[in-house]
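Order of appearance sets the numbers: ligands from 1, and atoms from 1 within every ligand. Here the structure is a predicted model, which is why all the values come from computation and not from measurement. In this chain, numbering begins with 1 at the start of the sequence shown.
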Amino acid sequence: MRVLVTGGAGFIGSYIVRALASGGHEPVVLDALLPSAHGPAGAASAVDLPPGVRLTVADVRDRDAVARALSGIDAVCHQAAMVGLGKDFADAPEYVGCNDLGTAVLLGEMAAAGVRALVLAGSMVVYGEGRYDCPAHGPVRPGPRAVADLEAGRFEPLCPVCGAELVPGLVTEEAAGDPRNVYAATKLAQEHLASAWARATGGRALSLRYHNVYGPGMPRDTPYAGVASFFRSALARGEAPRVFEDGCQRRDFVHVRDVASANAAALSDLEERGPGTFDAYNTGSGTPHTIGEMARALSAAHGGPEPVVTGEYRLGDVRHVTADSRRLREELGWKPETDFAAGMREFATAPLRSAR
Ligand SMILES: NC(=O)c1ccc[n+]([C@@H]2O[C@H](COP(=O)([O-])OP(=O)(O)OC[C@H]3O[C@@H](n4cnc5c(N)ncnc54)[C@H](O)[C@@H]3O)[C@@H](O)[C@H]2O)c1
Ligand SMILES: [Zn+2]
């Protein structure tokens, strides 16, 4: 299969390209080499693609470039996006431009070119807070946390009906979308666009809602990076990882190689699906860990200073979100291969990618 991987020069995309190439497929890459992900212009030389993989340096919003890149393509694996929380709300137009206008242009050109298969890099951020159960009221959806509570160190969301402490659980794909920041809103809109495209064109689309992806080659800390990269970068500078809130936030850390193999599984599964279908799958390791546990595992394996729990918070952050990835395992036959301890040991000393 000849697969166009947008964002294929990025952290996750480059693993997908390698997984597809070694699986006998022919990946081709379209990537704008955004400075927020790759550093100042001229970083093309630093892009690490397997020999023979064609790289088009272009923006997914560039209709002509996308149309050319789609020639002879069987399926698209759409990874290109601006990631992270950004600097502040003034970044919103850039996020919406890259992620949503970019997806619309790509889907429009796929419609025109007759390409009918799409795997989308989805995200657990579409859920907002994860699943919670109240002992009295069953599953409930707490709203955004109040500044006053966060300031006072009250980090756990409470039952919106009775105010009781909640028990965090695993979020399933049926949970309603509740994006809590601009990036999250753009990731949910990408899914809506993909679903509309599938219905309108008879295409087949599948979104893999990645949880917290980590592994060698992760970008260094920037306002656009994830928490594992912040901690790893601090250790590289000889500093202690700074853990926000009380460190008990629960996440699902999934290794980037496992995310790449999920994409390969999704691409071959698309062939079995009916026309006009869209479906979303959680993509997580299945074993939740806290942010504090991750920081300690990295510090220990790096031989660096113990993490410091600071009590700071970021308003857009959710407290707990962990995946129920059973559907991906059962329906696509996918299995994560790298467990938390081994993955963090490797990540603690593996190189990061410089974005400066
Ligand atoms: N890293 C995670 O934990 C995580 C979690 C959930 C979802 N995702 C999603 O996975 C995908 C890949 O993320 P990543 O972590 O590899 O980030 P990354 O920044 O390393 O890779 C993204 C790539 O897309 C390119 N790109 C961005 N906007 C573009 C545009 N308009 N046109 C062309 N290229 C563009 C960038 O240059 C970069 O190479 C994204 O869609 C992201 O939303 C990532
Ligand atoms: Zn209650």
Before you tell me yes or no, could you show the steps for D48 and R18 under salt bridge (charged side-chain N to carboxylate O under 4.0 Å, His left out), namely the whole-Å CA-CA distance, both residues' side-chain angles and the distance that decides it to 0.1 Å? CA-CA 10 Å; D48 178 26; R18 285 196 285 274; 3.7 Å; yes

Below 3.5 Å, N or O to N or O, backbone or side chain included: is there any such pair between [X] and ligand 1?
X: N212; result: no
X: M82; result: no
X: S123; result: no
X: L34; result: yes
X: G10; result: yes
X: I12; result: yes

Establish, from distance only, whether the side-chain atoms of [X] and [Y] form a donor-acceptor pair under 3.5 Å.
X: Q190; Y: T103; result: yes
X: E191; Y: S207; result: yes
X: S195; Y: R199; result: yes
X: H255; Y: S285; result: no

Any idea which of F11, F253, Y95 brings a heavy atom closest to atom 18 (P) of ligand 1?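 Going through F11, F253, Y95 one by one, F11 has the nearest heavy atom to atom 18 (P) of ligand 1.
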
Can you figure out which of E94, H78, R251, Q79 has its heavy atom closest to atom 12 (C) of ligand 1?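 Comparing heavy atoms across E94, H78, R251, Q79, the nearest one to atom 12 (C) of ligand 1 lies in Q79.
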
H137 atom (N/O/S) at minimal separation from the Zn ion (ligand 2):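 H137's closest N, O or S atom to the Zn ion (ligand 2) is named ND1.
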
Have a look at ligand 1 and work out which part of [X], if any, has a heavy atom under 4.0 Å from it: side chain, backbone, both or neither.
X: L33; answer: backbone
X: Y214; answer: neither
X: H211; answer: backbone
X: K187; answer: side chain
X: A58; answer: backbone

Protein residue, atom and distance nearest to [atom], heavy-atom basis:
atom: atom 19 (O) of ligand 1; result: A37 CB, 3.4 Å
atom: atom 17 (O) of ligand 1; result: V83 CG1, 3.7 Å
atom: atom 35 (C) of ligand 1; result: A80 CB, 3.5 Å
atom: atom 8 (N) of ligand 1; result: Y210 CD1, 3.5 Å
atom: atom 30 (C) of ligand 1; result: V60 CG2, 3.6 Å

Under 4.5 Å between side-chain heavy atoms, hopping through other hydrophobics if needed: is there a path connecting W197 to L188?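 The answer is no; the residues belong to distinct hydrophobic clusters.
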
Residue pair T201, M110: steps toward the side chain to side chain contact (heavy atoms under 4.5 Å, CB included) verdict: CA-CA 9 Å; T201 64; M110 287 171 70; over 6 Å; no

Positive for side chain to side chain donor-acceptor pair (under 3.5 Å) with Y210, one of N263, N282, T283: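 Among N263, N282, T283, the one that satisfies the side chain to side chain donor-acceptor pair (under 3.5 Å) with Y210 is N263.
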
Among R326, E331, R329, R209, whose side chain to side chain donor-acceptor pair (under 3.5 Å) with Y281 holds?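 Of R326, E331, R329, R209, side chain to side chain donor-acceptor pair (under 3.5 Å) with Y281 is met by E331 alone.
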
